[in-house]
Amino acid sequence: MILLPVAAALAGLVIGLRTRALIARYAPAEGEPSRPGRPSSPVVPVVTGLALGALALRALADHPASGAFFPPDATWVAELLAFWWLAVIAVTLAFVDLAVYRLPDGLTLAAYLGTGGLLAVAALAGGRFDDLLRAGLAGAALAAFYLVLFLVNPAGMGLGDVKLAASLGTALGWLGWEPVITGAFLGFVAGGLYGVALMVAGRAGRKSEIPFGPFMIIGAFAAILV
C-alpha cells in the first residue's frame, strides 16, 4: 500500500490531462475577454497529481495499519474516494475560476453530490452516522455563511462561491468542526494575501475583482492535509 500515493499521483496526471478539456469548455467564448493570470493547461495535470498523491499519503498516515500491506476496509476506501473526487473537481473549478471568474453550476453540483454520496457510503460501511450528520450540517453552515457574505456584498462574493462552500464544508465537517473553521479562515487569509500582492504590484486596486474559489479550495485542502 506504500505505492498508493505514487499510483494516485500518476492517476491524477492522467485525469488532469482529461480535465483540461473540461476547463477549455468553460473558457471564454469567442469575443469574451480573457482574464489576467489565466493558467497554462500543462499545470492542470501536475496539480491534480500532487493533490491525489498528497491525499493518499494523508489517508495512509491516518490508517492504523499504516506502512503495512493492510486490507483496506470499505469505510477507509469510500472516504479516500470522496476526497479524491472533491480534489479532481476542485482543481478543475479553481482553474476555471482563474480563467473566467465563475464557478459553473454543473461542476459545483457534481462536487457536492459525489462527495456527499461517497461519504454516505463510508458512514454506512463503518457506522459513522454522527460524522455524516456533522458533515451535512457543516456543508449547510459554510454555505449559509458565504450566502450572508454574498447578500451583504454581492460584488465581493458570487453564488458560485456559496455553492462551492457546501462541498468544501461537507468534506471538512466529516473530519470535525475545527477543520471547517480552519479551512474557511485559511481561505480568507490566502485570498487576502493574493489581493495585497496584486495591489503592491500595481495590478489591482481595492475594489478590483479577484476569483475567490481557488483560495477557498486552497484553505480547505490545507486544513484537510495539515
Side-chain angles (χ1 to χ4, degrees), residues 1-19 22 45 47-94 106-143 163-184 216-226:
M1 295 301 292
I2 198 64
L3 296 177
L4 179 62
V6 176
L10 292 175
L13 288 172
V14 175
I15 294 170
L17 290 172
R18 302 290 296 177
T19 55
L22 191 59
V47 175
T48 306
L50 288 174
L52 298 195
L55 287 169
L57 278 173
R58 180 60 175 165
L60 286 174
D62 286 342
H63 198 282
S66 177
F69 287 94
F70 60 90
D73 58 83
T75 300
W76 186 84
V77 171
E79 178 181 332
L80 180 56
L81 287 175
F83 286 106
W84 275 348
W85 174 272
L86 180 59
V88 169
I89 301 182
V91 170
T92 306
L93 282 166
L107 293 179
T108 53
L109 179 61
Y112 181 71
L113 294 179
T115 303
L118 287 166
L119 289 179
V121 172
L124 288 170
R128 295 176 60 179
F129 299 107
D130 288 345
D131 292 338
L132 182 63
L133 176 60
R134 185 180 60 244
L137 292 174
L142 195 60
K163 297 167 188 175
L164 174 60
S167 301
L168 299 178
T170 299
L172 291 166
W174 175 263
L175 302 176
W177 284 109
E178 184 176 350
V180 177
I181 298 170
T182 302
M216 295 172 62
I217 292 167
I218 289 171
F221 278 93
I224 290 170
L225 294 172
V226 178

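Predicted model, so just to flag it, every value in this text is computed and none were measured.
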Determine whether a donor-acceptor pair (N or O, by modelled atom type, separation under 3.5 Å) exists between the side chain of W174 and the backbone of A135. no

With no hydrogens and no angle check, is any side-chain donor or acceptor of T48 less than 3.5 Å from a backbone partner on G16? no

Taking W85 for its side chain and L113 for its backbone only, find out whether a donor-acceptor pair lies under 3.5 Å. no

Please round to the nearest 0.5 Å and tell me the distance separating atom OG1 of T75 and atom CG of L119. 11.0 Å

Separation between OG1 (T170) and CG (L137), nearest 0.5 Å, reads 9.5 Å

Looking only at non-hydrogen atoms, find the nearest pair between A56 and A8 and report the distance. CB-CB, 4.0 Å

Between V91 and T19, is there a side-chain heavy-atom distance shorter than 4.5 Å? no

Reported CG-to-CZ distance for the pair L55 and F221, which is rounded to 0.5 angstrom: 6.0 Å

With a 4.5 Å cut-off on side-chain heavy atoms, are V121 and L81 touching? no

Value for CG (L93) from CE (M216), rounded to nearest 0.5 Å, stands at 10.0 Å

Closest heavy-atom pair, P45 versus L13, reported as atoms and distance to 0.1 Å, is O-CD2, 3.3 Å

Closest approach of A184 and L142, non-hydrogen atoms and distance? CB-CD1, 4.0 Å

Which heavy atom of L175 sits nearest to which heavy atom of R134, and what is that distance? C-NH2, 3.9 Å

All heavy atoms of A223 vs all of L172, minimum pair found to be CB-CD2, 3.9 Å

Find the distance between CD1 (I224) and CG (L168) and round it off to the nearest 0.5 Å. 7.5 Å

Could you tell me the separation between the OG1 atom of T115 and the CZ atom of F83, rounded to the nearest 0.5 Å? 8.5 Å

Show the nearest heavy-atom pair for residues T108 and L164, with the distance to one decimal. CG2-N, 4.3 Å

